[in-house]
Amino acid sequence: METDCNSMELSSVSEFEEDAELNGFEGTDMKDMRLEAEAVVNDVLFAVNTMFVSKTLRCADDVAYINVETRERNRYCLELTEAGLRVVGYAFDQVDDHLQTPYHETVYSLLDTLSPAYREAFGNALLQRLEALKRDGQS
């Protein structure tokens, strides 16, 4: 396929943006935040009961919402912005504008404060990986 782009234009478009365009996301900021939310979900799905990007709450150019149920069966709606992640509701797809919860830089930090079972699952997964590395090193 032929395009009318000069090299200066091509160098300003990151691979990340190109991949997102191929996936059908519209608007550079929105696709980045939605992709970031999907990456967050994929990183910790192994240590929670369920976690998914909300299909009910709309992603905007600077925000995405993630629903999570911890292993303790507590449900939360999380807001993801450039400031980080925070709890905005205590049910799926619920945003309480009056809720004042702190931002966490990472999903790991947020889940560590919400779920002792997450902390245990994360620790066990880390231990298994270290043991596998040790076995591979002895081979």
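When all heavy atoms of Phe46 and Ala121 are compared, the pair lying nearest together is CE1-O, 4.0 Å. Minimum interatomic distance between Cys59 and Arg34 (heavy atoms only, all atoms of both residues): SG-NH1, 3.7 Å. The nearest pair of heavy atoms linking Tyr118 to Ala47 is CD1-CB, 3.4 Å.
Rounded to the nearest 0.5 angstrom, Ile66 CD1 and Met51 CE are separated by 5.0 Å. Here Arg75 contributes atom CZ and Asn49 contributes atom CG; the two are 9.5 Å apart, rounded to the nearest 0.5 Å. Here CZ of Arg129 is found 11.5 Å from CG of Asp136. Values are rounded to the nearest 0.5 Å. Put simply, CZ on Arg71 and CZ on Arg119 are 13.0 Å apart, with the number rounded to the nearest 0.5 Å. Here Leu80 contributes atom CG and Leu110 contributes atom CG; the two are 10.5 Å apart, rounded to the nearest 0.5 Å. A distance of 11.0 Å separates CG in Leu130 from CZ in Arg135, rounded to the nearest 0.5 Å.
The side-chain contact (heavy atoms from CB on, under 4.5 Å) test with Val68 singles out one residue from Val41, Asn74, Val48, and that residue is Val48.
Residue-environment remark: CD (Glu105) stays at or below the threshold of 12 foreign heavy atoms within 6.0 Å. More than 12 heavy atoms of other residues, nucleotides or ligands sit less than 6.0 Å from atom CD of Glu72.
Glu69 and Thr50 form no side-chain donor-acceptor contact under 3.5 Å, judged by distance and modelled atom types alone. Side-chain N/O atoms of Ser54 and Asp93 include a donor and acceptor closer than 3.5 Å. Judged purely by distance below 3.5 Å, without hydrogens or angles, the side chains of Tyr90 and Asp96 never pair a donor atom with an acceptor atom.
The closest side-chain heavy-atom distance from Thr70 to Tyr76 is below 4.5 Å. No side-chain heavy atom of Val95 sits under 4.5 Å from any side-chain heavy atom of Glu79. Inter-residue side-chain proximity for Cys77 and Leu57 is flagged as met; some heavy-atom pair is nearer than 4.5 Å. Side-chain contact between Thr81 and Asp62: absent, with no pair of heavy atoms (C-beta onward) separated by less than 4.5 Å.
The same ILVMFWY cluster, assembled from side-chain heavy atoms under 4.5 Å apart, contains both Met33 and Val53. Both Val40 and Phe122 are members of a single hydrophobic cluster when ILVMFWY side chains are connected at heavy-atom separations under 4.5 Å. Leu99 and Val63 fall into different hydrophobic clusters, defined by Ile, Leu, Val, Met, Phe, Trp and Tyr side-chain heavy atoms under 4.5 Å apart, directly or through other members.
Asp112 places no side-chain N or O within 3.5 Å of a backbone atom of Tyr108 that could act as its donor or acceptor partner.
Note: Phe52 and Phe92 have perpendicular aromatic rings, judged against thresholds of 30 and 60 degrees for the angle between ring planes.
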